[in-house]
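Let me begin by presenting the structure, written as structure tokens, before commenting on it.
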Amino acid sequence: MDDDDVPATFASPACFMHEVDPAYLGLPDQQTWTDVNRWRRNERERLIAARLAVPAAVRASYSEAIAAGVLAEIGDVRGRILSAYWPFRGEPDLRPLLDEVAKRGGRTALPVVVEKGRPLEFHLWQPGEALSRGVWNIPIPAEPRPCLPDIVLAPVVGYDAACYRLGYGGGFFDRTLAAMAARPRVIGVGYSAARLATIYPQPHDIAMDIIVTEAGAIQPAVSTVRAFT
């Protein structure tokens with residue numbers, strides 16, 4: 001899953017776009033992007049190793065606190081669809097949250113990777129229903145039931161005060177949100193220790209609406225992003 005981050009792409013490049021100053025288009029220059037990409041890879045590896053080093057029992061208690069925080073943030077779920085995820089490499093395990101959402105009258109879904117470079121799909125699923133193996137052997141709903149969720153939980157490897165998310169580098173969540181006709185509420189979920197001063201957001205990065213950790217919720221802060229050096 002650790003593909004390199006990729007800057008935004010375009011359906012059809014304009015003639016002579018290569019002659020246009022990247023700053024005019026709001027795009028990072030190649031050296032800046034190379035530096036940011038290298039930094040993100042290093043931080044990703046460091047943060048994943050750090051969370052895997054946390055005892056499983058401690059991570060479980062963090063997951064419970066995060067689930068409670070998510071429920072407090074989303075409020076009444078009746079008639080709404082919440083998409084969670086299958087925990088991977090030490091991510092918060094929010095599968096019990098899906099049961100609670102169903103008990104409260106909501107519906108639940110899981111994201112499905114179709115293929116590299118394409119947006120995610122969301123398919124209805126609730127605990128107890130059949131699963132099959134998807135990309136990277138991550139479980140996905142066995143029965144395809146595509147849906148448009150009202151709320152999407154996005155696991156974060158790292159995050160900053162502006163609620164930009166450092167993910168695994170495949171760009172799936174950014175690509176998916178950019179392609180959706182109606183944007184759902186997007187809640188980043190992760191551990192408080194994963195907070196960074198900045199992820200050096202680039203034009204293709206999309207901020208989360210809020211980040212929920214075991215220590216509380218972080219609303220986007222208005223901040224000036226430092227240039228990468």
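Side chain of Ser63 to main chain of Asp93: a donor-acceptor pair is present (N/O by atom type, distance under 3.5 Å, no hydrogens or angles). A donor-acceptor pair under 3.5 Å links the side-chain atoms of Arg51 to the main chain of Arg89, judged by distance alone.
Closest approach of Ala207 and Ala162 over heavy atoms only: CB-O, 3.7 Å. The nearest pair of heavy atoms linking Ile206 to Asp174 is N-OD1, 3.2 Å. What you find for Leu110 and Pro139 is that their closest heavy atoms are CD1-O, 4.3 Å. The minimum heavy-atom distance between His123 and Pro146, with the atom names listed, is ND1-N, 3.3 Å. Closest heavy-atom contact between Gly158 and Leu196: CA-CD1, 4.4 Å. Between Pro201 and Thr198, the closest heavy-atom pair is CD-OG1, 3.5 Å.
Side-chain contact between Pro184 and Ile151 is absent, with no heavy-atom pair separated by less than 4.5 Å. You'll find the side chain of Pro92 stays beyond 4.5 Å of the side chain of Tyr62, heavy atoms only. By the 4.5 Å heavy-atom criterion applied to side chains, Trp86 and Leu131 are counted as neighbours. Tyr85 has its side chain out of reach of Ile138: every pair of non-hydrogen atoms, C-beta onward, lies at least 4.5 Å apart. Between Gln126 and Val101 the shortest side-chain heavy-atom distance does not fall below 4.5 Å. Side-chain contact between Val189 and Val156 is absent, with no heavy atoms from C-beta onward closer than 4.5 Å. The side-chain heavy atoms of Leu82 and Asp150, taken from C-beta on, include no pair separated by under 4.5 Å. Inter-residue side-chain proximity for Thr108 and Leu124 is flagged as unmet; no heavy-atom pair is nearer than 4.5 Å.
Ile140 forms part of a hydrophobic cluster together with Val112, judged by ILVMFWY side-chain heavy-atom separations under 4.5 Å.
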Between Phe122 and Val152, is the side-chain contact (heavy atoms from CB on, under 4.5 Å) condition met? List the steps.
CA-CA 10 Å; Phe122 298 95; Val152 172; 4.1 Å; yes
Check against side-chain contact (heavy atoms from CB on, under 4.5 Å), Tyr159 and Leu166:
CA-CA 6 Å; Tyr159 66 96; Leu166 177 65; over 6 Å; no
Could you go step by step and tell me if Arg78 and Arg80 meet the side-chain contact (heavy atoms from CB on, under 4.5 Å) rule?
CA-CA 6 Å; Arg78 286 175 293 183; Arg80 302 165 78 191; over 6 Å; no
Test side-chain contact (heavy atoms from CB on, under 4.5 Å) applied to Val36 and Gln202, step by step
CA-CA 9 Å; Val36 170; Gln202 302 301 303; 3.7 Å; yes
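Residue Met180 holds its CE atom at 5.5 Å from CG of Leu148, rounded to the nearest 0.5 Å. Here SG of Cys147 is found 7.5 Å from CZ of Arg107. Values are rounded to the nearest 0.5 Å. Taking CD of Glu91 as the reference point, atom CG of Leu52 lies at 10.0 Å (rounded to 0.5 Å). For the atom pair CD1 of Ile66 and CD of Glu73, the computed distance is 13.0 Å after rounding to the nearest 0.5 Å. Rounding to the nearest 0.5 Å places CD1 of Ile218 at 6.5 Å from CD1 of Ile211. Interatomic distance, CZ of Arg44 versus CG of Asn37, reported as 7.5 Å (0.5 Å rounding).
A salt bridge links Arg40 with Asp205: the closest approach of a Lys/Arg side-chain nitrogen to an acidic carboxylate oxygen falls below 4.0 angstrom. Between Arg41 and Glu45 no salt bridge is recorded (no basic side-chain N to carboxylate O distance below 4.0 Å).
For Tyr164 and Tyr200, the distance between ring centers is not under 6.0 angstrom.
With hydrophobic clusters built from ILVMFWY side chains whose heavy atoms lie under 4.5 angstrom apart, Val114 does not share a cluster with Trp136. Hydrophobic clustering places Leu47 together with Phe173 (ILVMFWY residues linked when any side-chain heavy atoms are closer than 4.5 Å, directly or through intermediates). Cluster annotation: Ile81 is not connected to Leu98 through the hydrophobic network of ILVMFWY side chains, with a link wherever side-chain heavy atoms come within less than 4.5 Å.
Figure legend: Arg175 and Phe172 shown as a cation-pi pair, the cationic atom lying under 6.0 angstrom from the six-membered ring centre and within 45 degrees of its axis. At least one test fails for Arg145 against the ring of Trp125: distance under 6.0 Å to the centre or angle within 45° of the axis.
Counting only residues at least two apart or in different chains, side chain to side chain donor-acceptor pair (under 3.5 Å) contacts with residues 209-221 comprise Arg183-Asp209, Ser192-Glu214.
Tyr168 and Phe88 have perpendicular rings, their planes meeting at more than 60° on a 0 to 90° scale where under 30° would count as parallel.
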